[in-house]
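Have a look at the structure below before the remarks.
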There are 2 protein chains.
Amino acid sequence: MSAPSDSKDLRRVILDEARHQLVKHGYNSLSMRRIAKEIGYSATAIYLHFDGKDALVHALIDEGMENLFKRLQETCPEKIEPAARLRQACLEYVRFGLENPEYYEIMHLIHPERMERFPAEMYRRARRSLEFIQDILNRGAAAGQFVLDSASVSAAAIWAMLHGVVSLLISRRVDVRIDPDTLIGTLVSHVIASVTLQPVRVQA
Amino acid sequence: MSAPSDSKDLRRVILDEARHQLVKHGYNSLSMRRIAKEIGYSATAIYLHFDGKDALVHALIDEGMENLFKRLQETCPEKIEPAARLRQACLEYVRFGLENPEYYEIMHLIHPERMERFPAEMYRRARRSLEFIQDILNRGAAAGQFVLDSASVSAAAIWAMLHGVVSLLISRRVDVRIDPDTLIGTLVSHVIASVTLQPVRVQA
DNA sequence: AGTATGCGGTTAACACCGTTAAGTTACAAT
DNA sequence: ATTGTAACTTAACGGTGTTAACCGCATACT
């Protein structure tokens, strides 16, 4: 709804409006023409700042990945001991997903065919969160608190567990009679158990 | 390319062509008009048999859910002892996803807003696979082989783990240096461990 | 037998979509 | 003053899902 004149950096305005539409109306109705109409420009103006819709979505994904990584960094400092840090990181990952379902959705809706089109440096940035978890595992292993065959495989497995629960919860596929926090607690406890070889004790 | 005359049950023909296009060209390019052109009918003919694209996709989802459930049923008979049966069910779930990525995709791409439009009886059928796993858990618990606080929560947690790994593998988000089978084996071992309270021993 | 009903299909059209080509405007530099 | 260029526009192409109106034809009924 902003006038065309009020912006010096149209790219930023486009991204903001795209994010706004994404959060408000969902990915399905994220359209170039609607973004353009809303910010008071013609649809083709967007193409002066983005190669196309894919590139725009990629930029949004990049934003989301950045936010997730920052959050993990800020809430899980090195000073926390490995097990607690891993637990914290898992919980923050899940919380991020549940608090930003639209972001989480586009961050994971890239299909195999489109994967190659995803810019390499974005791909690298997107993997920082995974590496963050892997780093926690390595430090825990070095401190003798974790037992793992392979940090990369364990990190991937943990990621799969976290992604699974976020994905199912976001899409409301989990029975409503199941308390989400109980489910999350169960999962995260299993995550910790999987690297500590301790029997699972679920904390609800 | 079939002639309009060769079919007595157009609904079936539409579904087959839709499935064919889905598997061959992916969900993105699944279009009413293309289906119609391919089977030699006008696009609007489809609307005589399906309420719209959503309904058509719902029918495909229903098919996929049915196939998954049948597969679990056939490959995991009751006679297998609970732990082995659970392991088998997990592996079959993952294999189903990896062998039918397009089906798996549409089976899980229903967004929250569209969820309510998803027919109730289809929803019920879709949950049979989850109930199948839950049943394995209950039998294992009754036999004293599994230890669980809640079969429904554990089943959901297991589902989350399996869905997570399938989802990541299908979308090629897992580092190529990680052997998929190792990852799957790790995950499934954790699944078993999570209900047997045994220390995890990964089988690669 | 003749007429009404309704089923199964059609064509035309609407309102969108992403994207491209060509044109316009305004302003900076030579 | 002219050229060039950056930023933006309009018009158009080919696609999408979907609806409205129409059409032929077999069946059912009077």
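Numbers restart at 1 for each chain; the letters A, B, ... are given by sequence-line order, proteins then strands. These figures come from a predicted structure and were not determined experimentally.
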Just jot down the side chain to side chain contact (heavy atoms under 4.5 Å, CB included) partners of [X], sequence neighbours excluded, or say none.
| X | result |
| --- | --- |
| A:A160 | B:V165, B:L168, B:L187 |
| A:R172 | B:P112 |
| B:A156 | A:I178, A:L183 |
| A:Q134 | A:N138, A:A151, A:S152, A:A155 |

Would you kindly give the [atom1]-to-[atom2] distance between [X] and [N], to the nearest whole Å?
| X | N | atom1 | atom2 | result |
| --- | --- | --- | --- | --- |
| A:I35 | C:dC16 | CD1 | P | 16 Å |
| B:K37 | D:dG14 | NZ | C1' | 11 Å |
| A:I46 | C:dG18 | CD1 | C1' | 10 Å |
| B:L48 | D:dA21 | CG | P | 16 Å |
| B:Y47 | D:dT16 | OH | P | 11 Å |

- Message: I want to verify a distance call: between C:dT20, C:dG9, D:dT19, whose nearest atom is closest to the B:H49 side chain?
- Response: C:dG9

- Could you check which residues of residues 51-59 of chain A get a heavy atom under 4.0 Å from DNA chain C? Sort them by number, please. A:G52, A:K53

- Item | Interface with DNA chain C, restricted to residues 18-34 of chain A and to heavy atoms under 4.0 Å | A:L30, A:S31, A:M32, A:R33, A:R34

- Message: At less than 4.0 Å, is any side-chain N or O atom of B:Y41 found next to OP1 or OP2 of C:dG9? Yes or no.
- Response: yes

- Query: What side chain to side chain donor-acceptor pair (under 3.5 Å) pairs are there with at least one residue in residues 43-53 of chain A, not counting sequence neighbours?
  - Reply: A:S42-A:T44

- Who are the ring-ring contact (aromatic ring centres under 6.0 Å, His included) partners of B:H58, not counting sequence neighbours? B:F118

- With sequence neighbours left out, write down each residue that passes salt bridge (charged side-chain N to carboxylate O under 4.0 Å, His left out) with B:R11, or none if nothing qualifies. none

- Message: Strictly below 4.0 Å, N to O, side chains only: are B:E63 and B:R12 in salt-bridge contact?
- Response: yes

Identify every side-chain donor-acceptor pair in residues 20-28 of chain B under 3.5 Å, counting partners at least two apart or on other chains, and give the distances.
from, atom 1, to, atom 2, distance (Å)
B:Q21, NE2, B:E17, OE2, 3.3
B:Q21, NE2, B:R34, O, 3.4
B:H25, NE2, B:R34, NH2, 3.4

- Polar side chain donor-acceptor pair, B:H163 to A:S167, under 3.5 angstrom: yes

- Report yes if a donor N or O on one partner sits less than 3.5 Å from an acceptor N or O on the other, where the partners are the side chain of B:T44 and the base of D:dT19; otherwise report no. no

- Looking at five pairs on each end of the helix from C:dA1-D:dT30 to C:dT30-D:dA1, what is the angle between the two axes, given to 10 degrees? 30°

Which pairs of donor and acceptor atoms, one on a side chain in residues 75-82 of chain B, lie under 3.5 Å apart (sequence neighbours left out)?
from, atom 1, to, atom 2, distance (Å)
B:T75, OG1, B:R71, O, 2.7
B:E78, OE1, B:R139, NH1, 3.2
B:E78, OE2, B:R139, NH2, 3.3

